[in-house]
Each structure stands twice: as C-alpha cells, then as structure tokens.
Participant: 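Quick one: structure below, then a few questions.
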Amino acid sequence: MQLKNIIGFEYSAEGKVKVQSFNPASDEALDGHFSAATESEVNLVMKKAQIAFAKYQQLSGTKRGEFLRKIADNIEALGDTLVKRVMLESGLPEGRVKGERGRTCNQLRLFAQVAEEGSWVDASIDTAQPDRKPFPKADIRRLLVPVGPVVVFTASNFPLAFSTAGGDTASALAAGCPVIVKAHESHLGTNAMISEAISKAAQETGMPDGVFSSLNSDGYQVGQLLVMHPSTKSVAFTGSHKGGLALHKLAQKREEPIPVFAEMGSINPVFLLPQAVQNKGESIAQQLAGSVNLGAGQFCTNPGLIIIKEDKNTNDFIQNLRKAVAQLTPCTMLNKGIFENYNQKRSNALNIQAVQEEQAVAEGGTNQGLPTIASVDASTFIQNPALHEEVFGPFSLVVKCQNNAELEAVAASLKGQLTGTLMGETGELNTYSQLIAILQKKVGRLIFNGVPTGVEVCHSMHHGGPYPATTDGRFTSVGTAAIKRFARPLCLQNFPNDQLPDALKTANPLGIWRTVDGELIR
C-alpha cells in the first residue's frame, strides 16, 4: 500500500504532514501515515495532466476501453486485501463491500463499452447545399470532445463506487480526460490501493504519464489548489451541500470559471397514496424502514420524508412503521464526524415544536446511528424550512396531510431532489395527476412503487436533480450519460473530409450512430 502521493507514474512525499484514517467501529487509528500533498506537488500533478491530455484525447475509444477494463481487472486482483481495508475504514459489512466492488468494476467495463462503441460523441452532420437560394448552405459538422483534466473529490458513503475508480473517474477517462483524485480522508488506505491499480493499468496499456494521479490532503488546501489551478477544466464532487456549494463558488472566482458537477444530497420524498396504504400498509412500512436504515441511512437516496394523507388507515400504518423500526439493528456510520453530525441534526429536528418522535432504536455501539422515525403535520412542515433539510443518517419524518391540497402544498414547498416516490395503486394515479406534475418539476427521478435507495447503472438512469440536489440538474453522475459532463461541443464548418475526426468523416469509418441532415442513421 503506497503511502506517498501518486503523481502520474511517480511517487512523491515532499511534505512533512502525515495523515491517518480511522476505524469508525472503534475510533482507533489504522496502519499507514500518508503524505499530505504540497502546493508544488499539486502543480506537478496538473502539469503532467495537461501534457497527458494532449496525447490521451487523441487515443481511440478502443484504447481507452482497454485501459478501463484493465483497471477493473487490477481492482479484482486485489482480492480480500482490498475488501478488508475498506471494511476497516468504512465500517461497512463484507457483503456490502464486495457488492460495491462488483458495481465499481462493472461500471468501469460499461464505460469501456461506451468508449469503444463511440456514439456518445453525439455526431451531427448537415451537408452543404451550395445551390440553395437565396444563400448557399455550408457543410456543418459537430461532435463532443473532451474538456481536459478533471478533478474528482471522492465520496465518504461509497468508498469504491463513488470514489477513486468510481463513476466520475470512469466517465472522465472514457471521455478522454486525465483524472486527478483528491483522496477522502476516511479512506486513505482504500484510495492508495485503488490508485496503484489504476496507475499500474495505465502503464500496462501504454497510457501517457499523468493520465491519472492521486493526492492525499490535510484540510481543504489541496482541494482548493486543485479547483483553482488553471489546467483544471472540470470538477466532480459527491458530498454535503456545504462542501459542494463551496467548491462551486470557488470555481466561479477563477479567471476562467469551470463547471463543478456536485451532488449535494436530498431528502427523497415518498408520497403514500390511500389505496396502497389500505391494501399494503404493513409491507410498505417494512419496506420503508429497511430503506431508511440501509447503510446506516448514508445513501444520497435515503427516504428522509414520508408524506401520507390522513384517513382511517393512517394510525395503523404508523403503528406498523413503529414496529418495523423497533426491529432494526443500528449500523456503524462512516466516521465519527458523520455520526456526530447525524446526532446533532436528529436532535434539532426532534426539538422542533409539533414534531413527535414515533419510534427510535434506543441503544447502539460506537458511532452507530440510531434509526428514528418522527412525525409532523403538513402545516408545520411547510412553514418550517429547517424540516426540509437532509438529516444524513437513518432518520425519516412522516408528514401528515389532511387532503390532496396539502399533499400538493407539501410537494410544492420542497426544494430540488434527486428522487421522488409515489406508492399507490395504478388506478388511483389519475386522482393525483396534479401532485405528479409538481413532483416532475422537483426531482431528477420519479419512482412508482419502489424505494429510492438503489441506483441502477445503465444507459437510461438519471442520478441528478434540480438545485440544491445538484449544481446542474441536466447531468447525471450515474449511468452512461455521465460521460457528457466532461465533454464540450465542437463545430467544424467546410473542413476537407480528410481533415475531419473519424466520427465526422462522410464514410463513417467508426460505424457510429450519427444525425445526418436531421436523420439518425448508422
């Protein structure tokens, strides 16, 4: 396990500051004193990345795909050594870690397919019409091209799938962008092992020196230097609203402002429709309780809000929810800071007048979040913005509405969310068409009869949402469309065919899908 910073194909430890990660289950320091990067090391990383970009962006999709596949192979080759380190640094159980490792490798291979197939560049061709009257039409062709070096801030809640070799890194590399990872302070050992696997893959597949680097840090300085460096062209972040917004504002202060694609959390409202509560109330209660406590509630899609219309079945549903929560087992949270923040925000919510604690698990071990359900009336919820904020952990608030108008008012009062959920019978959806219309404006993904936790990595997935869920709701951080965050359109007019990139040449040598004179063809 490399304790130094990985700067392209070199290791560096210029600084005197050393940092450690901790076992959240015991608060004990783990093996390894990792070298925090210096400003000169940041500058060297970015210089290498800029040089690498000139070569890497020219490589074929086949070569990039080979690189991504080799990363996945190398991660799998780490075996149980990686799994054990992730467990020690995150408090996550073995099954979850192995599942996340599988997801990480699968999405690397999925982006390899995207790079190899090539249609992601969204090629569009309008052929010339020199005889058009009153003015001739030029030959105009457009495609997406990589933007340049991308800085990735790794996530606390997914030490593999949203971290060093996660979706941000995979999609940026697939697009043709070098990646610089800022390691999460909780996962220094995990990051070191994955970073070595990536660096090794780069050398094994003939990638340019500087296509990937990884820096450790002590505090905010390294992250700030990376965002402000003139060679950085884009930033990806998964974490808190405070952290994401700070990076976004910092990036706008640059001489050349750049995008920060930040996913900043969500309370993911679940609306329970009356017929579903009547027919399946007990099973829905169990399903929601399990979702609230999944991963100690540390999913960005955790259902933090349950909205129900009061009727003769409401009390029975809440009683079933209490029983389901009482049976939950507390889980270790990702680190002491997250645990303490959860307890503080949980207490803040429960201390608000008219908020009633319905059920909470009474005891837990070191840094274990106690699953908690509370309730409040719709009027109080709407009027109190503090109740609209995410409580990151196994907490959910039931909002009781008197009628459809209050259901719609609650939905309208919400800020932008990653997800929204409707649980109901198919036949009652028409009755709630206005509620559905409101939710479609508020969320990035609208779910029917399912829990929001669990995000499929596929072509059609959208994991993003209107602000403040993300800084730009047009883009996703999960699924193949994530690649478009790290590309920009380039239009070429009247260029000779032999000077065009292969994706735009008339004969279509890559065999990709293209829009030609308004028609999508291959």
Participant: If you apply the rule salt bridge (charged side-chain N to carboxylate O under 4.0 Å, His left out), what do you find for E116 with R69, and how did you get there?
Facilitator: CA-CA 11 Å; E116 291 161 348; R69 292 180 193 279; 2.7 Å; yes

Participant: Could you tell me whether K47 and E41 have a side-chain N and a carboxylate O separated by less than 4.0 Å?
Facilitator: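 A salt bridge is absent here (no side-chain N lies under 4.0 Å from a carboxylate O).
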
Participant: Run the salt-bridge test on E389 and K415 with the 4.0 Å N-O cut-off and return the result as yes or no.
Facilitator: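 Salt bridge present between E389 and K415.
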
Participant: side-chain contact (heavy atoms from CB on, under 4.5 Å) for V150 and I180? Distances and angles first, verdict last.
Facilitator: CA-CA 6 Å; V150 173; I180 304 92; over 6 Å; no

Participant: Run the numbers on T453 and S291 for side chain to side chain donor-acceptor pair (under 3.5 Å), then give the verdict.
Facilitator: CA-CA 6 Å; T453 43; S291 183; 2.7 Å; yes

Participant: Which residue pairs pass the ring-ring contact (aromatic ring centres under 6.0 Å, His included) test with at least one member in residues 37-87, sequence neighbours excluded?
Facilitator: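 Of all non-adjacent pairs touching residues 37-87, none passes ring-ring contact (aromatic ring centres under 6.0 Å, His included).
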
Participant: Identify which one of I75, V86, L92, T154 satisfies the side chain to side chain contact (heavy atoms under 4.5 Å, CB included) criterion when paired with L160.
Facilitator: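 When side chain to side chain contact (heavy atoms under 4.5 Å, CB included) is applied between L160 and each of I75, V86, L92, T154, only V86 qualifies.
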
Participant: Salt bridge check: are R109 and D73 linked by an N-O gap of less than 4.0 Å?
Facilitator: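 A salt bridge links R109 with D73.
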
Participant: Got E117 and Q113 here, is their nearest side-chain heavy-atom distance under 4.5 Å?
Facilitator: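 Answer no - side chains too far apart.
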
Participant: Is there a side-chain contact between V260 and K249, using heavy atoms and a 4.5 Å cut-off?
Facilitator: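 A side-chain contact under 4.5 Å is absent here.
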
Participant: Are more than 12 heavy atoms, taken from residues, nucleotides or ligands other than R474, located less than 6.0 Å from that residue's CZ atom?
Facilitator: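 No, CZ of R474 has 12 or fewer neighbouring heavy atoms, counting only those of other groups under 6.0 Å.
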
Participant: Does the side chain of V17 come within less than 4.5 Å of T38's, by heavy atoms?
Facilitator: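 No - every pair of side-chain heavy atoms lies 4.5 Å or more apart.
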
Participant: Indicate yes or no: does E89 engage R85 in a salt bridge with an N to O separation below 4.0 Å.
Facilitator: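 Judged by the 4.0 Å cut-off on N to carboxylate O distance, E89 and R85 do form a salt bridge.
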
Participant: Are any non-hydrogen side-chain atoms of V235 and F261 less than 4.5 angstrom apart?
Facilitator: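 No; the side chains remain at least 4.5 Å from each other.
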
Participant: Is it true that R514 and D122 make a salt bridge, defined as a side-chain N closer than 4.0 Å to a carboxylate O?
Facilitator: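 Answer for the salt bridge query: no.
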
Participant: Take a 6.0 Å sphere around CG of D31 and say whether it holds more than 12 heavy atoms from other residues, nucleotides or ligands.
Facilitator: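 Result for CG/D31: open.
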
Participant: Between N5 and S12, is a side chain to side chain donor-acceptor pair (under 3.5 Å) present by the stated rule, with each step listed?
Facilitator: CA-CA 5 Å; N5 296 291; S12 179; 5.6 Å; no

Participant: Between the side chains of E10 and K48, is the shortest nitrogen-to-carboxylate-oxygen separation below 4.0 Å, so that they form an ion pair?
Facilitator: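 Here K48 pairs with E10 in a salt bridge, since their nearest N and O are under 4.0 Å apart.
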
Participant: I need the K182 NZ to L247 CG distance, nearest 0.5 Å.
Facilitator: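 Reported value, rounded in 0.5 Å steps: 9.0 Å.
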
Participant: Does NZ belonging to K336 count more than 12 external heavy atoms closer than 6.0 Å?
Facilitator: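 No, the 6.0 Å shell around NZ holds no more than 12 heavy atoms from other groups.
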
Participant: Any side-chain heavy atom of D27 sitting closer than 4.5 Å to one from F22?
Facilitator: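 Of all side-chain heavy-atom pairs linking F22 with D27, none is under 4.5 Å.
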
Participant: C331 pairs by side chain to side chain contact (heavy atoms under 4.5 Å, CB included) with which of N367, N293, L370?
Facilitator: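 Exactly one candidate clears the test, N293.
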
Participant: Within the structure provided, determine whether S163 and V152 are in side-chain contact (heavy-atom separation under 4.5 Å).
Facilitator: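 Sidechains of V152 and S163: no contact.
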
Participant: H241: what forms a side-chain hydrogen bond (donor to acceptor under 3.5 Å, both in side chains) with it, not counting sequence neighbours?
Facilitator: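 side-chain hydrogen bond (donor to acceptor under 3.5 Å, both in side chains) check on H241 returns Y467.
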
Participant: In terms of side-chain geometry, is the basic nitrogen of E100 or R96 positioned less than 4.0 Å from the acidic oxygen of its partner?
Facilitator: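 A salt bridge is present here (some side-chain N lies under 4.0 Å from a carboxylate O).
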
Participant: Counting distance only, does the side-chain N/O of Y11 pair as donor-acceptor with the main-chain N or O of Q2 below 3.5 Å?
Facilitator: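 No, because the side chain of Y11 does not come within donor-acceptor range (under 3.5 Å) of the backbone of Q2.
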
